[in-house]
Amino acid sequence: MHEVLSDWDGENALISYDARTGSHLFIALHSRRLGPAAGGTRLRTYPTPADALRDATLLARAMTYKMAVAGLPMGGGKSVLAVPGELSPEDRRHLLLRHAHNVETLHGSYSTGPDVGTSSEDMDVLHEHTTYAFGRSPARGGSGSSAPDTAVGVFHGISAAVAHVNGSATLAGVHVLVQGCGAVGEPLVGMLVEAGARVTVSDVVPERVEALQIKYGVAVSAPDDIDIDIDVYAPCAFGQVVGAATIPRLRCRVIAGAANNVLVDASDGERLQEAGILYAPDFVINAGGAVHLIGYEGLGWSTEQVDAGLRGIGTTLAQIFRDADSQGVSTERAAELLAEARLAAGPTSAE
Ligand code: NAI
Ligand code: PHE
């Protein structure tokens, strides 16, 4: 774990161990340069505690960049609850309340929200011990799940990427592979089908793809089948799916999906540039959840303002694609440069 922290440029990490459930709890607070940090709580099983901490630190950094590019007055952080396996409802509640206590000790330097493995109902539980939890269920005064708006943002991002490579934003006849049909992937499939795209889906849970096959008549591929002829690859499951080993197998023109930390490492941005694949940087295209949670709950935005923020994801990506072309850098680098310029300028430029 020492190695993970010494490789990281974040502000602070809070680490604890819960003996009752055998779980490690991590909060990685990366940066408060643009405002108090925010980022979801991920609950899953990892090979080692160090892997869980690494995930938390990298995801927290991505949140800093996400907030900066989206123009939200927030910093970046992330929580990981690394569980040994499925927990009983009582143990899960116990762990969430312990996490809430940890969040509360940070006195608002960090607020959390839902992420992979947690839901609005879990945020309701956290709220019993901390006010710093976005995304509670609407019945409890929250703005509910961020996933549908994340899907809207990804849809705008896919349209912007297709416009960049085709000269037209129309998705009619464009072949999109949606890998992972969960809370974000499923509504994304609906929007793509409605826009006339040809959609192929994959998921490790067969019932999820079967339901979409019945509802929309979409094609189905095996979960890790990425070497099929498609126009757009939309990773909407886990990250680390695009790297030196997978890039030579890809037969798409665009990568644009919801998953956080899609690239195995930063140099994969250049690999994609060399391969002629247009990459929509994850921390830009998947900002819809942050726009939803921070917009409604942190900034008191109306639905119109949130919708404008979601459309802005497409506009920002179009600018990043043009910047990358004119500067001769990868789209990942162009997006990082935009985030770093906003971070260097400080809070006022992000409002
Ligand atoms: P989810 O857990 O609801 O859905 C993930 C889906 O991927 C599940 O259906 C799962 O069975 C499937 N899956 C897992 N491994 C797979 C594999 N190897 N191949 C194909 N499918 C696989 O999660 P959610 O909320 O839809 O998030 C998806 C991604 O988007 C995550 O990486 C998350 O970090 C990211 N994201 C989510 C946001 C949100 O508001 N929910 C916001 C920003 C990013
Ligand atoms: N976990 C989601 C993300 O990665 C949504 C989220 C945004 C949660 C901001 C908390 C704060 O964007």
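Keep in mind that the numbers below use all heavy atoms, side chains included, and drop hydrogens, waters and symmetry copies. Read the numbers this way: they start at 1 and go in the same order the structure lists the ligands and their atoms.
- Heavy-atom contacts of Leu293 reach the following atoms of ligand 2: 5 (C), 6 (C), 7 (C), 8 (C), 10 (C) (cutoff under 4.0 Å).
- Using cut-offs of 30° and 60° on the angle between ring planes, the pair His292 and Tyr296 is perpendicular.
- Between Gly239 and ligand 1, no pair of N/O atoms sits closer than 3.5 Å.
- The stretch residues 132-184 participates, sequence neighbours left out, in these ring-ring contact (aromatic ring centres under 6.0 Å, His included) pairs: His164-Phe321.
- With values rounded to the nearest 0.5 angstrom, Leu317 atom CG is found 10.5 Å from Arg322 atom CZ.
- Not a single heavy atom of Ala287 sits less than 4.0 Å from an atom of ligand 2.
- Close contacts between ligand 1 and Asp224 involve ligand atoms 18 (N) [criterion: under 4.0 Å to a heavy atom].
- Heavy atoms of Lys78 approach ligand 2 to within less than 4.0 angstrom.
- Under a 4.0 Å N-O distance rule, the pair Glu340/Arg333 qualifies as a salt bridge.
- Rounding to the nearest 0.5 Å places OH of Tyr233 at 5.0 Å from CD1 of Ile226.
- When non-hydrogen atoms are compared, ligand 1 lies under 4.0 Å from neither the backbone nor the side chain of Pro114.
- Close to ligand 2: Met63, with a non-hydrogen atom less than 4.0 angstrom away.
- Ligand 1 places these atoms under 4.0 Å from at least one heavy atom of Ala147: 40 (O), 41 (N).
- In terms of polar-atom proximity, defined here as any N/O pair under 3.5 Å, Arg208 does make such a contact with ligand 1.
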Requested in this report: Could you go through the side-chain hydrogen bond (donor to acceptor under 3.5 Å, both in side chains) check for Tyr110 and Thr112 one step at a time?
Outcome: CA-CA 7 Å; Tyr110 166 75; Thr112 195; 3.0 Å; yes

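- Under a 4.0 Å heavy-atom criterion, His292 is not in contact with ligand 1.
- Protein heavy atom nearest atom 4 (O) of ligand 1, with residue, atom name and distance: Gly182 CA, 3.3 Å.
- Given atom 5 (C) of ligand 1, the protein heavy atom at minimum distance is Cys236 O, 3.9 Å.
- Glu297 places a side-chain N or O within donor-acceptor distance of the main-chain N or O of Gly135, the cut-off being under 3.5 Å.
- Side-chain contacts under 4.5 Å among hydrophobic residues (ILVMFWY), followed directly or transitively, place Val264 with no other residue at all.
- Regarding atom 27 (O) of ligand 1, its nearest protein heavy-atom neighbour is Val184 CG2, 4.0 Å.
- Among protein heavy atoms, the minimum distance from atom 33 (C) of ligand 1 is reached at Val116 CG2, 3.6 Å.
- Residue Gln179 has at least one heavy-atom neighbour below 4.0 Å for each of these atoms of ligand 1: 19 (N), 20 (C).
- Distance check, rounded to the nearest 0.5 Å: CD of Glu3 to CG of Leu53 gives 11.0 Å.
- When hydrogens are left out, the protein atom nearest atom 43 (C) of ligand 1 is Asn286 O, 3.4 Å; that is the closest non-hydrogen contact.
- Ligand 1 has at least one atom lying under 4.0 Å from a heavy atom of Cys181.
- Looking at Arg253 and Val232, their side chains never come closer than 4.5 Å, going by heavy atoms from C-beta outward.
- Near Val205, with a cut-off below 4.0 Å to any heavy atom, the atoms of ligand 1 are 11 (O).
- With a heavy-atom cut-off of 4.0 Å, Glu297 does not touch ligand 2 at all.
- Here the SG atom belonging to Cys236 is positioned 12.0 Å from the CD atom belonging to Glu186, to the nearest 0.5 angstrom.
- Of all atoms in ligand 1, numbered sequentially from 1 with element shown, those under 4.0 Å from a heavy atom of Arg42 are 34 (O).
- Atom 3 (C) of ligand 2 has as its closest protein heavy atom Lys66 NZ, 3.3 Å.
- Listed by number with element, the atoms of ligand 1 under 4.0 Å from a non-hydrogen atom of Ala259 are 29 (C), 30 (O), 32 (O), 35 (C).
- In this structure, Arg98 pairs ionically with Asp18, as a charged nitrogen and a carboxylate oxygen lie closer than 4.0 Å.
- Closest to atom 20 (C) of ligand 1, if we only count protein heavy atoms, is Asp203 CA, 3.6 Å.
- Asp124 and Arg136 are not joined by a salt bridge, as no carboxylate oxygen comes within less than 4.0 angstrom of a charged side-chain nitrogen.
- Inclusion of Ser146 in the set of residues having an N or O under 3.5 Å from an N or O of ligand 1 is warranted.
- Expressed to the nearest 0.5 Å, how far OH of Tyr65 lies from CZ of Phe283 amounts to 7.5 Å.
- Any N or O atom pair closer than 3.5 Å counts here, and Thr150 shares at least one such pair with ligand 1.
- Ionic pairing of Glu274 and Arg271 is not present here: no N-O contact between side-chain nitrogen and carboxylate oxygen is shorter than 4.0 angstrom.
- To the nearest 0.5 angstrom, Asp325 atom CG is 9.5 Å from Thr331 atom OG1.
- At the shortest separation from atom 1 (N) of ligand 2 among protein heavy atoms lies Asp115 OD1, 2.7 Å.
- Every atom of ligand 1 is numbered from 1 in the order shown, and the set under 4.0 Å from a heavy atom of Val204 is 11 (O), 13 (N), 14 (C), 15 (N), 16 (C), 17 (C), 18 (N), 20 (C), 21 (N), 22 (C).
- Heavy-atom proximity to atom 32 (O) of ligand 1, evaluated over Ala258, Ala183, Ala237, is greatest for Ala237.
- With a 4.0 Å heavy-atom cut-off, ligand 2 is reached by the side chain of Asn260 but not by its N, CA, C or O.
- Only backbone heavy atoms of Pro114 (N, CA, C or O) come within less than 4.0 Å of ligand 2; its side chain stays farther off.
- When atom types are taken as modelled, the side chain of Asp149 and the backbone of Ser146 share no donor-acceptor pair closer than 3.5 angstrom.
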